[in-house]
Amino acid sequence: MWTSEITSMIIEGVWATLYMTLVSTFMGYLFGLPLGVLLAVTDKDGLKPNPVVYKVLDVIVNIVRSVPFLILLILLIPFTRLVVGQSYGSTATIVPLVIAAVPFIGRMVESSIKEVDPGVIEAARSMGASDFQIVWKVLLVEARTSLIVGSTITIGTILGYSAMAGCVGGGGLGDIAVRYGYYRYQTDIMIVTVVLLILLVQIFQTVGMFIASKLDKRK
Amino acid sequence: MPEIVLENVCKTFTTKDGIVQALKNVNLEIEAGEIYGIIGMSGAGKSTLVRCINFLEEPTEGRVLIRGKSLGEYSEKELRKQREDIGMIFQHFNLLMQKNVMDNVCFPLYIQKKSKREAREKALELLKIVGLSDRTKAYPAQLSGGQKQRVAIARALASDPKILLCDEATSALDPQTTSSILALLKDINQNLGITIVIITHQMSVVREICNRVAILKDGEVAEYGDVEDIFLHPRTEVARELIRNDVEINQDQKGPALHGRDLIRSGDRIRVIYRDQPDAQPVIANMVLRFLEPVNIMGANTRSVHGKAAGEIILEFIPESTQKAEMKQYLRDCGLEVEEVDVNVD
């Protein structure tokens, strides 16, 4: 029963999963990185404290983060249809993935930036650096290692979410596991997909940590 | 015109425990080209004060004038431009840990949008001055504390400032390194003509390089003046306490004997004569602490001369004493008379 069709389907599943994960992570950072910077900068010990902006962003982030992903996925179906024209398949899954990823990434980035030594920020201010220069040339540079570690964690999380999207026809390995393993009791296929998911997470984790430690000049 | 003038500078902070007055009516004038020390115990407001000079902290009241121009009148952008003229170094160096030595020194120049080539040339020149031109590719984590402070000094000098602020710049360093950093600062002051303001809690730092000093206590200037005057004639309790706590920076190199002696018998004696001393200053003890050489008190007595108390003390120096002349001068500067004594050592 293990046919070449199944093999090629699984290979396709791997690609679909990679496609969803990487595109979502990239788009997530497109919005999440500025969001995280804004959170860190407007917080009360930040460069430009602004309680109103901080509180508004903080509440929005908390709301999105507290909706379980599976429910968010279903809630967003009309929106997804509006954006990509359909609500199933890999490309459609990217929409809820990005929306779930942005606040998650925002928090990661915020905490990475808050780890930067305030003394270095003060030194930059004493040299006449503007707030924008401090963000660009000090905060993002000094927080680099922590940001990469954060993105490694993010990729793992989004990969997990993408598999979850399989329940509602999201495509990728999760989809295969649900369709074959759950609905057709083909446990072997399910095990293979699970093992592949584990392998993918392992690879991303290892590569991410390797790059992070390679780029860290503090030791 | 003085380089830096502080006029009635006050600074209050609102914390959750209430309002804290960090600075109260501070008035100071710092002349161009001098090394000015601001000393005080921790919590005296020194760090806040130095941050008012480049407006990292904006005073709640009062004015800060740099070459006659009030910093408070500048816009945010003009203020940033002004800060290029005022370099600053810190206790914990505050280098970019993810950038190498070269990029750290270039950093202020990149902020000013100087070209990479121009920045690197300037940085290399400065790294030569601080003696680190062979470590351009090293990262701060690979350097010792003293080397990090040298990089920080080079970085602070990159924009050709007229003023250099040093916030406890030697407090995290060991005594030898402290001496070498102070020597470097002195060189910079003399060769580049940069006005230096040094914040410290160590009297030894002030004694080593400052021309003038202000003593800060509870946010107020308790006393200020020439370093020598303050050392010899401290008027306030806080000044005396700071002088008492003063330990030699380079204990290993100065003073042949830090430890006590069982026996001092060199025959090298002086007679110290004192009259009514209004302030009960422990002159002999202070002298020993300052020069780190024990002396033996061979005898002492007090008589009444024309109804006034006059006393004499016979002191004997240790045989290997290297600072006899300085110690005698110290006693004279404290208002005592000093005479040589011929004695036969039995």
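No experiment lies behind these values; they were computed from the predicted model shown. Lettering of chains follows the sequences in order, A, B, ..., and the numbering in each one begins at 1.
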**Prompt:** Should we say atom OH of A:Y88 is surrounded by more than 12 heavy atoms from elsewhere, each under 6.0 Å from it?
**Reply:**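 Open: at most 12 neighbouring heavy atoms sit under 6.0 Å from OH of A:Y88.
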Suppose a student defines contact as a heavy atom less than 4.5 Å from any heavy atom of chain A. Which residues in [range] would they list?
{"range": "residues 120-137 of chain B", "result": "none"}
{"range": "residues 50-73 of chain B", "result": "B:R51, B:N54, B:L56"}
{"range": "residues 99-112 of chain B", "result": "B:K99, B:F107, B:P108, B:Y110, B:I111"}

Any luck finding a side-chain donor-acceptor pair between [X] and [Y] under 3.5 Å?
{"X": "A:R107", "Y": "A:N62", "value": "yes"}
{"X": "B:D174", "Y": "B:T177", "value": "yes"}
{"X": "A:T91", "Y": "A:Y19", "value": "yes"}
{"X": "B:S180", "Y": "B:R150", "value": "yes"}
{"X": "B:E34", "Y": "B:N189", "value": "no"}

**Request:** Could you tell me which portion of B:I89 (side chain, backbone, both or neither) has an atom closer than 4.5 angstrom to a non-hydrogen atom of chain A?
**Result:**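 Interface part for B:I89: neither.
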**Item:** Structural part of B:L96 lying under 4.5 Å from a heavy atom of chain A
**Value:**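 Both parts, backbone and side chain.
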**Message:** Assess whether a salt bridge exists between A:D45 and A:K114, defined as any Lys/Arg side-chain N lying under 4.0 Å from an Asp/Glu carboxylate O.
**Reply:**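 No, no charged N to carboxylate O under 4.0 Å.
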**Message:** Quick check: under 4.5 Å, non-hydrogen atoms only, which of residues 120-146 of chain A neighbour chain B?
**Reply:** A:V120, A:E122, A:A123, A:A124, A:R125, A:S126, A:M127, A:G128, A:A129, A:S130, A:Q133, A:K137, A:V138, A:V141, A:E142, A:R144, A:T145
